[in-house]
Structures are given as C-alpha cells and as structure tokens.
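Below: one structure, written as structure tokens.
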Amino acid sequence: QVQLVESGGGLVQAGGSLRLSCVASGRAFGSYAMGWFRQAPGKEREFAAAITWSGGSTYYADSVKGRFTISRDKAKNTVYLQMNRLKSEDTAVYYCAAGRGIVAVTIPSRYEYWGQGTQVTVSS
C-alpha cells in the first residue's frame with residue numbers, strides 16, 4: 001500500500017521560509033515523478049514543483065521559480081520542498097503526489113498517489 005505523508009507546514013511571515021517533507025512508502029519509486037501541488041480556498045489545485053525520482057530532473061511553476069527548491073533523498077525515501085521568500089499568495093494546502101512514467105508533470109490527473117496535505121499560511 002503506497003503512502004505519502006507530508007509534514008513541515010505551518011504559519012510563517014511573508015519573506016520567511018519553510019521546508020516541506022514527503023515520506024513515501026509502499027513500493028519502489030524508481031520510475032516515478034514526485035510532485036508538489038497546492039490548493040488555496042476556492043481555487044483549483046495547481047502545480048508547484050516536480051522531480052524525477054531516478055534522474056533528479058526538476059520542474060517548477062513560474063510562480064515559484066527562484067524561490068522554491070525541490071529535492072529528494074533516496075536513502076530516506078523522502079521528497080522535500082524548500083520554500084524561501086514566501087508570499088501571502090503562497091498560502092494553501094500543499095500536497096505531495098507520485099506518478100509513474102509521467103511526462104506532463106504539471107497535470108494533477110496524471111499522478112496516481114496523493115498525500116493528505118499540509119497547511120502553509122503566510123501572513124503579510
């Protein structure tokens with residue numbers, strides 16, 4: 001049974017930083033892409049960042065490029081999202097997702113597995 005468990009969310013002032021973690025278990029993720037998505041109240045879920053588990057290729061939404069960094073630790077089966085220079089518009093529930101052999105990493109429906117989400121609130 002695949003499980004993705006996020007942690008690291010919280011309340012932070014604008015300009016601050018947070019690091020989200022996603023621990024993955026239940027299968028080998030060698031051929032998977034791991035993504036971070038976010039959903040603000042009243043809005044659709046949107047892509048933030050993704051990384052390929054094997055090669056470590058990274059992808060970012062324009063809105064977070066230069067501020068967020070996605071990485072993975074194979075030994076710990078964990079994916080991270082380092083978020084710097086946070087803005088109020090980054091406030092959302094952040095979800096970790098995993099999908100096998102994904103090409104279109106920005107599309108939520110391409111991912112098979114999802115975590116429960118972690119709340120990030122940025123106060124201005």
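Values reported hereafter were calculated over all heavy atoms of this structure, with side chains retained and with hydrogens, waters and symmetry mates removed.
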Checklist outcome for this item: Between Ser124 and Ala14 the two heavy atoms that sit nearest each other are CA-CB, 4.2 Å
Next on the checklist: Filter on salt bridge (charged side-chain N to carboxylate O under 4.0 Å, His left out), then keep only pairs touching residues 103-124, sequence neighbours left out; what's left?
Outcome noted: none
Item to check | From CA spacing to verdict: side chain to side chain contact (heavy atoms under 4.5 Å, CB included), Gln3, Arg27 | outcome: CA-CA 9 Å; Gln3 279 195 313; Arg27 68 163 301 124; over 6 Å; no
Item to check | Where Ala33 and Val105 come nearest, the two heavy atoms and their spacing | outcome: CB-CG1, 4.3 Å
Next on the checklist: I need the minimum non-hydrogen distance between Tyr111 and Ala97, along with the two atoms involved.
Outcome noted: CD2-CB, 3.5 Å
Item to check | Pairs satisfying salt bridge (charged side-chain N to carboxylate O under 4.0 Å, His left out), at least one member in residues 68-88, at least two apart | outcome: none
Next on the checklist: Using a 3.5 Å distance criterion without hydrogens, assess whether the side chain of Glu6 forms a donor-acceptor pair with backbone atoms of Cys96.
Outcome noted: yes
Checklist outcome for this item: Here the side chain to side chain donor-acceptor pair (under 3.5 Å) pairs for residues 12-21, sequence neighbours left out, are Ser17-Asn84
Checklist entry - Ring centres of Phe37 and Tyr95 under 6.0 Å apart? => result no
Item to check | Residue pairs fulfilling salt bridge (charged side-chain N to carboxylate O under 4.0 Å, His left out) with at least one residue in residues 46-60, sequence neighbours excluded | outcome: Arg38-Glu46
Checklist entry - So do the side chains of Tyr59 and Thr52 get within less than 4.5 Å of each other, counting heavy atoms only? => result yes
Next on the checklist: Can you tell me if Arg45 has over 12 outside heavy atoms packed within less than 6.0 Å of its CZ?
Outcome noted: yes
Checklist entry - Under the 4.5 Å side-chain heavy-atom rule for ILVMFWY, direct or indirect, which residues accompany Trp36? => result Val2, Leu4, Val12, Leu18, Leu20, Phe29, Tyr32, Met34, Ile51, Trp53, Tyr60, Val64, Phe68, Ile70, Val79, Leu81, Met83, Leu86, Tyr94, Tyr113, Val120, Val122
Checklist entry - Are the side chain of Ser88 and the backbone of Ser123 linked by a donor-acceptor contact shorter than 3.5 Å? => result no
Item to check | Nonpolar side-chain network containing Tyr80, other nodes, edges under 4.5 Å | outcome: none
